[in-house]
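Data first, discussion second: the structure below is written as structure tokens.
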Amino acid sequence: MPQNRKKLIELLIGTMSNAIIHEVLRMASKNKEIASYYKKEIENAINISKKYREKINPTEKSFPDKDIFYIRKKIILRVMTELKIRISKGYKNIDLTLVEELVNKFLKDLNLG
């Protein structure tokens with residue numbers, strides 16, 4: 001499966017970024033309906049991320065450090081970019097300082113680092 005590895009890593013980065021973006025938006029939302037929508041999106045993205053994680057590398061094996069560093073860096077960049085776009089569109093209460101903490105939490109949950 002080495003020919004698909006890079007593609008699977010990019011898909012993993014995309015779904016994890018989506019989950020983290022929705023988590024930050026959920027935390028910023030004061031509307032319970034919207035927050036519950038974000039929660040469903042987070043759960044869905046996490047489940048998809050777990051499937052990609054299993055396809056890339058067996059869950060009992062750890063990722064190489066260079067892959068973890070690359071994944072972490074790309075997720076932070078994508079999340080920050082998207083959240084800044086959302087802020088420019090008028091979204092309120094978005095805390096960009098949460099991003100790195102959430103990235104680390106999600107990576108740990110997927111046994112990536």
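For this chain, numbers begin at 1 and follow the sequence in order.
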According to salt bridge (Lys or Arg N to Asp or Glu O under 4.0 Å), who are the partners of [X], at least two apart in sequence or on a separate chain?
X      : result
Lys105 : Asp109
Arg72  : Glu100
Asp95  : none

Pairs of donor and acceptor atoms involving the side chains of residues 74-81, under 3.5 Å and at least two apart or interchain, shall be tabulated with distances.
| residue | atom | partner | partner atom | Å |
| --- | --- | --- | --- | --- |
| Arg78 | NH2 | Glu10 | OE1 | 3.3 |
| Thr81 | OG1 | Leu77 | O | 2.7 |

> Would you say Leu96 and Ile87 make side-chain contact, with heavy atoms under 4.5 Å?
Replying inline: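 Yes, their side chains come closer than 4.5 Å.
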Rounded distance (nearest 0.5 Å) linking atom [atom1] of [X] with atom [atom2] of [Y]:
X      : Y      : atom1 : atom2 : result
Leu107 : Arg53  : CG    : CZ    : 10.5 Å
Leu102 : Met16  : CG    : CE    : 10.5 Å
Glu54  : Leu110 : CD    : CG    : 9.5 Å
Leu83  : Ile21  : CG    : CD1   : 5.5 Å
Lys55  : Leu12  : NZ    : CG    : 11.5 Å

>> Going by the rule side-chain hydrogen bond (donor to acceptor under 3.5 Å, both in side chains), which residues pair with Asn93 if we only count those two or more places apart in sequence or in a different chain?
In response: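 So Asn93 forms no side-chain hydrogen bond (donor to acceptor under 3.5 Å, both in side chains) with any residue.
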> Can you name the side-chain hydrogen bond (donor to acceptor under 3.5 Å, both in side chains) partners of Ser49, sequence neighbours left out?
Replying inline: Thr15
> What pairs with Lys51 under side chain to side chain contact (heavy atoms under 4.5 Å, CB included), at least two apart in sequence or on another chain?
Replying inline: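 Once residues adjacent in sequence are excluded, Lys51 has no partner under the side chain to side chain contact (heavy atoms under 4.5 Å, CB included) criterion.
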> Sequence neighbours excluded, which residues qualify as side chain to side chain contact (heavy atoms under 4.5 Å, CB included) partners of Tyr91?
Replying inline: Leu25, Tyr38, Arg86, Lys89, Ile94
> Can you list every ring pair (Phe, Tyr, Trp, His ring centres under 6.0 Å) pair that touches residues 43-89, not counting sequence neighbours?
Replying inline: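 Residue pairs passing ring pair (Phe, Tyr, Trp, His ring centres under 6.0 Å), neighbours aside: none found.
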>> By the salt bridge (charged side-chain N to carboxylate O under 4.0 Å, His left out) test, which pairs, at least two apart or in different chains, include something from residues 38-48?
In response: none
> Which pairs pass side-chain hydrogen bond (donor to acceptor under 3.5 Å, both in side chains) with one or both residues in residues 22-33, sequence neighbours excluded?
Replying inline: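 Sorted result for residues 22-33: Asn18-His22, Glu23-Arg26.
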